[in-house]
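Here is the structure we will look at.
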Amino acid sequence: MKSYDLHGIGMTSARSRARLVNLLERKQVTHSGVLEAFAAVPRHIFVEEAMAHLAYQDRALPIGHGQTISQPFTVAVMTAALLESPRDSVLEVGTGSGFQTALLAQLCAKVFTVERIKPLLDQARRRFEALKIRNVFSKLGDGYDGWADQGPFGGILVTAAPRAVPRRLLEQLDVGGRMVVPVGGDGNQRLKVIDRTGQGYGEREVDGARFVPLVKGLRT
Ligand code: SAH
């Protein structure tokens, strides 16, 4: 597990991260890899400075452009579900702040991530750079298209909700791979876990969750 020692952050941040890990454990998150990743990645780096003091609470926070950094508990549940699939190459749709990406970078060999809002992507890239994260590959694009050149992926994690599972993402899922995707409209979302086998796709639902919508096309 990599550890980040950022100038000027020091112990306080390690203690804050440990408290968040504790909170997640109390909510029945048991996956040790996920908990270790939460203990390693400084979430306050991924929110605006004015909100840094809220970064280690279990809540979603605004990141600008009408988007949010997801609630840690939700991120933990989705990540734990994803990690039962191969971890050599995973695709994240909706980079947002880059926090989920940074967690995946701790746990997977290569992480590909797509975001449609350029200023969010640029900011996330600066954070990966600052944290010396080298196994993340990101691009501006429409996540409905996935990242065909780099596929197929052992895991695909969608962090915004489409109305239906995007067909092109299903195509880019490797046999033996798993996709975790929230599906549905406002107030009616289901978190789906989809496994691709030699025979086709198997699907189950985890639990209710709330995500911003997966929007078609680049932001104009
Ligand atoms: N994983 C992020 C969650 C951010 S919210 C985090 O931890 O911060 C979801 C993100 O998905 C937003 O940044 C939004 O702009 C992005 N998004 C929505 N529709 C998209 C699309 N079609 N393609 C790529 N990104 C999209």
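Atoms within a ligand are numbered from 1 in the order they appear, just like the ligands themselves.
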Quick one: does any side-chain atom of [X] pair with a main-chain N or O of [Y] as donor and acceptor, under 3.5 Å?
X      : Y      : result
Glu203 : Ile194 : no
Gln172 : Trp147 : yes
Arg87  : Cys108 : no
Arg204 : Val193 : no

Return a yes/no value for [X]: is any of its N or O atoms, backbone included, closer than 3.5 angstrom to an N or O of ligand 1?
X      : answer
Ser70  : no
Leu214 : no
Ser97  : yes
Asp142 : yes

Identify the closest protein heavy atom to [atom]: which residue and atom is it, and at what distance?
atom                    : value
atom 23 (N) of ligand 1 : Gly143 N, 2.7 Å
atom 3 (C) of ligand 1  : Thr159 OG1, 3.5 Å
atom 19 (N) of ligand 1 : Val215 N, 2.9 Å
atom 11 (O) of ligand 1 : Gly94 CA, 3.2 Å
atom 14 (C) of ligand 1 : Gln67 OE1, 3.3 Å

At their closest point, which heavy atom of [X] faces which heavy atom of [Y], and how far apart are they?
X      : Y     : result
His31  : Leu83 : CE1-CD1, 3.6 Å
Ser13  : Pro42 : OG-CB, 4.3 Å
Ala55  : His44 : CB-CA, 3.4 Å
Leu107 : Gly33 : CD2-O, 3.4 Å

In plain terms, say whether Glu129 and Arg125 are close enough for a salt bridge, that is, a side-chain N and a carboxylate O under 4.0 Å apart. no
Thinking salt bridges, do Arg116 and Asp142 make one under a 4.0 Å N-O criterion? no
Name the option, out of Ile63, Thr95, Val47, that contains the heavy atom nearest to atom 2 (C) of ligand 1.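 Residue with the shortest heavy-atom distance to the ligand atom: Thr95.
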Among His65, Arg116, Glu115, closest by heavy atom to atom 16 (C) of ligand 1 is Glu115
In ligand 1, which numbered atoms sit nearer than 4.0 Å to a non-hydrogen atom of [X]?
X      : value
Val114 : 24 (C), 25 (N)
Ile69  : 8 (O)
Gln100 : 1 (N), 7 (O)
Leu120 : 13 (O)
Ile117 : 15 (O)

Nearest 0.5 Å please: distance from the CG atom of Leu104 over to the CG atom of Leu157.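 Between Leu104 CG and Leu157 CG, I get 6.0 Å after rounding to 0.5 Å.
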CZ of Phe73 to CZ of Phe38, rounded to nearest 0.5 Å, is 10.5 Å
Check if [X] has a non-hydrogen atom at a distance under 4.0 Å from any atom of ligand 1.
X      : value
Gly141 : yes
Pro213 : yes
Glu92  : yes
Val75  : no

Does Thr68 approach ligand 1 within less than 4.0 angstrom via side chain, backbone, both or neither, non-hydrogen atoms only?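 Just the backbone.
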Check the angle between the aromatic planes of Phe46 and Phe99 and answer parallel, tilted or perpendicular using the 30° and 60° thresholds. perpendicular
